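Single-structure report; data block below.
Below, chains carry the letters A, B, ... as their sequence lines are ordered, and counting in each starts from 1. Since we're looking at a predicted model, the values are computed, not measured.
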Amino acid sequence: MKIEATIADAYQLFHEGALALARAERQGIRLDVDYCERQKKLLTNRIDRAYNKFKETKLYAIWNKVYKDKTNLDSNHQLGYILYNIMKIEPPKLTVSGKGATDEDTLMQLDLPELKWIKEVRRYKKIRDTYLDSFLREQTDGYLHPFFNLHTVRTYRSSCQSPNIQNIPRRDTEAMTICRKALFARPGHHIVEIDYHALEVSISACVNKDPNLIRYLTNPESDMHGDMAIQIFMLHDYLDMIENAGGVNKIDEFKVLRDATKNGFVFPQFYGDYYANNAVSIACDWCKLPKGKWRKNQGITIVNNKTIGEHLIEHGIKSLDDFIEHMKGIEYDFWHNRFGVYGQWREDWYREYQKKGYFDLLTGFRCSGIMRRNEVINYPVQGTAFHCLLKTFVEVDKIMQRENWDSRLIGQIHDSILLDVHPNELEHVIKTVRRVATVKIPRIWKWIIVPLSVEADVTPVDGSWADKKEYDGGI
DNA sequence: GGAACTCGCCAC
DNA sequence: AAACGTGGCGAGTTCC
């Protein structure tokens with residue numbers, strides 16, 4: 001049985017992938033043009049209102065005095081000059097080119113309430129100008145035909161353009177709703193989005209073969225982020241409570257700590273970040289603790305009306321510096337004990353690249369050229385994970401044609417597939433995609449050594465993409 | 001007047 | 001020893 005993929009296999013995947021994606025591009029995504037026009041007007045009103053509010057502030061008076069008829073409230077260059085040169089505020093953060101930063105996060109640190117109007121303008125402009133405008137510009141006869149490129153990305157992932165439907169807002173509920181309310185399946189159909197669960201972590205386990213990571217991904221009872229949260233926040237006194245509740249996830253006050261761990265430590269570490277950044281992110285962003293020394297009454301509340309500040313101080317962590325030191329130990333344990341094999345793989349893999357000047361993905365693609373360490377350890381996971389999705393896409397495309405579906409593949413977002421589905425075929429389509437994604441692909445690629453799973457979201461018939469709900473098999 | 005750049009911000 | 005990976009895109013700005 002052949003295991004090692006070749007360049008020819010890689011070529012074959014992209015050849016078939018390009019054809020399948022081209023079919024999706026031709027199919028298109030339906031756009032509610034009138035809705036976009038109406039929504040643009042509403043947003044323009046909100047933007048004008050926020051601008052007018054800002055024009056009542058002292059900050060604007062200074063700005064306008066300096067720039068006069070050249071005043072442009074969309075110019076970050078001007079804003080930075082006013083804040084950091086005229087008003088002599090010490091920039092909390094610098095941009096790559098060394099000027100004072102004016103991104104949202106930095107502005108919020110300045111303690112100038114009037115900047116909230118700038119923030120509001122930016123938010124609504126992003127929605128109007130980046131999304132709704134590009135939808136209207138790119139549509140023909142009420143359908144979008146985004147391009148899915150396979151030739152532009154260093155990792156052999158895809159990219160998407162004209163319009164890019166791979167970056168439509170999701171986390172910001174208001175932005176998500178406004179943008180996705182514009183997008184529909186064909187009349188009488190559902191939009192179905194089927195995404196792989198934890199695909200990149202799963203593929204990473206296939207690449208580095210760490211037994212503990214494989215265990216976490218194989219055993220449904222286990223909880224990697226929960227275990228890490230217990231370790232980072234020293235929740236050992238609460239183990240009984242956590243067990244009785246059924247996991248760290250089940251107690252709201254601890255779920256926050258689990259989210260902080262997942263998004264502030266585990267994922268950033270997998271991408272190559274390090275403990276000092278993680279410590280600041282977890283303590284300051286997630287737990288709302290200040291820089292410097294900590295007090296008992298500071299930070300978010302955990303159980304029994306206790307603050308996280310009090311809890312950490314009780315465990316000997318009395319300042320951000322203490323916490324950074326603590327996270328240093330956590331990081332060491334993470335890569336040497338908990339995921340020691342993964343840690344060793346990272347070292348070996350980078351060494352090997354330094355010797356050879358290239359490395360190959362499990363799917364047969366070759367990455368060569370000058371790369372930083374973090375690139376070298378990330379590409380094999382990022383590219384390969386996308387190839388699982390693309391292979392699924394290709395196989396579903398073949399079945400769709402063979403079985404003459406009324407449903408169509410319409411797009412792809414790195415680890416998820418978008419379909420436009422006839423109601424009579426809903427169950428069959430989801431079953432088919434699930435079978436291909438979780439059974440067929442691991443059968444073809446023997447190097448997939450952890451179970452893969454998918455989740456399906458479905459819109460009501462004639463509902464917009466904003467109305468999607470988790471598919472429970474009974475719609 | 002367009003190319004190339006910076007900055008900011010959206011996704012995975 | 002070093003320190004978060006991959007994209008697209010809009011607005012402003014600078015260079016030629």
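- Atom CG of A/D285 and atom P of C/dC4 are 15 Å apart (whole Å).
- Between A/N72 and C/dG12, a side-chain N or O to OP1/OP2 separation shorter than 4.0 Å is present.
- A salt bridge between A/D467 and A/K181 is absent, with no side-chain N of the basic residue lying under 4.0 Å from a carboxylate O of the acidic one.
- Put simply, A/R373 has no side-chain N or O that comes within less than 4.0 Å of OP1 or OP2 on C/dA3.
- Among the heavy atoms of the strands, none lies under 4.0 Å from A/A385.
- Considering only side-chain N and O atoms, A/Y379 lies under 4.0 angstrom from the phosphate OP1 or OP2 of C/dT6.
- For the pair A/D195 CG and B/dC12 P, the computed distance is 9 Å after rounding to whole Å.
- What separates NE2 of A/H414 from C1' of C/dG7 is a distance of 6 Å, to the nearest Å.
- Scanning atom types as modelled, one donor and one acceptor separated by under 3.5 angstrom connect the side chain of A/Q382 and the base of C/dG5.
- Between the side chains of A/D333 and A/N337, a donor-acceptor pair is found at a separation under 3.5 Å.
- Side chain A/K126 to base B/dC10: no donor-acceptor pair is found below 3.5 Å.
- If you check every strand for non-hydrogen atoms under 4.0 Å, A/V381 touches nothing.
- Taking the six-membered ring where the residue is Trp, A/Y353 and A/Y350 present parallel rings, their angle staying beneath 30° rather than reaching 60°.
- Within the 4.0 angstrom heavy-atom criterion, no nucleotide atom of any strand lies near A/Q269.
- Relative to the six-membered ring of A/Y67, A/K70 misses at least one condition, a distance below 6.0 Å or an angle of at most 45° to the axis.
- For A/I413, taking side-chain heavy atoms from C-beta onward, the closest of the listed nucleotides B/dC12, C/dC4, C/dG7 is B/dC12.
- The distance from atom CG of A/N263 to atom C1' of B/dA11 is 14 Å, rounded to the nearest whole Å.
- Figure legend: A/R157 and A/F386 shown without cation-pi pairing, the cationic atom not lying both under 6.0 angstrom from the six-membered ring centre and within 45 degrees of its axis.
- Across all their heavy atoms, A/I203 and A/A385 have their closest contact at CG1-CA, 3.7 Å.
- Here the side chain of A/N378 is nearest to one of B/dC7, B/dC10, C/dG5, namely C/dG5.
- Between B/dC7, B/dC9, C/dC4, one nucleotide has an atom nearer to the side chain of A/K99 than all others, and that is B/dC7.
- Heavy atoms of A/I377 sit nowhere under 4.0 angstrom from any nucleic acid atom.
- For residues 156-181 of chain A, the set of pairs meeting the ring pair (Phe, Tyr, Trp, His ring centres under 6.0 Å) definition, not counting sequence neighbours, comprises A/Y156-A/F365.
- The side chain of A/S75 contributes an N or O atom lying less than 4.0 Å from OP1 or OP2 of C/dT13.
- You'll find the side chain of A/F184 stays beyond 4.5 Å of the side chain of A/W465, heavy atoms only.
- Between A/N76 atom CG and B/dG8 atom P there is a gap of 6 Å when expressed in whole angstrom units.
- One interatomic measurement links the two molecules: CZ of A/R170 to P of C/dG7, which rounds to 21 Å at whole-angstrom precision.
- The side chain of A/D74 sits closest to C/dA11 out of C/dG5, C/dA11, B/dC12.
- Among the atoms of the strands shown, only primed sugar atoms or phosphate atoms (P, OP1, OP2) are found under 4.0 Å from some heavy atom of A/T102.
- Listed in residue order, the members of residues 129-163 of chain A having a heavy atom less than 4.0 Å from DNA chain B are A/Y131, A/R157.
- Residue A/D273 is in base contact, counting any heavy-atom pair closer than 4.0 Å across all strands shown.
- Residue A/R171 places at least one side-chain N or O under 4.0 Å from the OP1 or OP2 atom of B/dC12.
- Residue contacts for A/F386: at a heavy-atom cut-off of 4.0 Å it reaches no nucleic acid atom on any strand shown.
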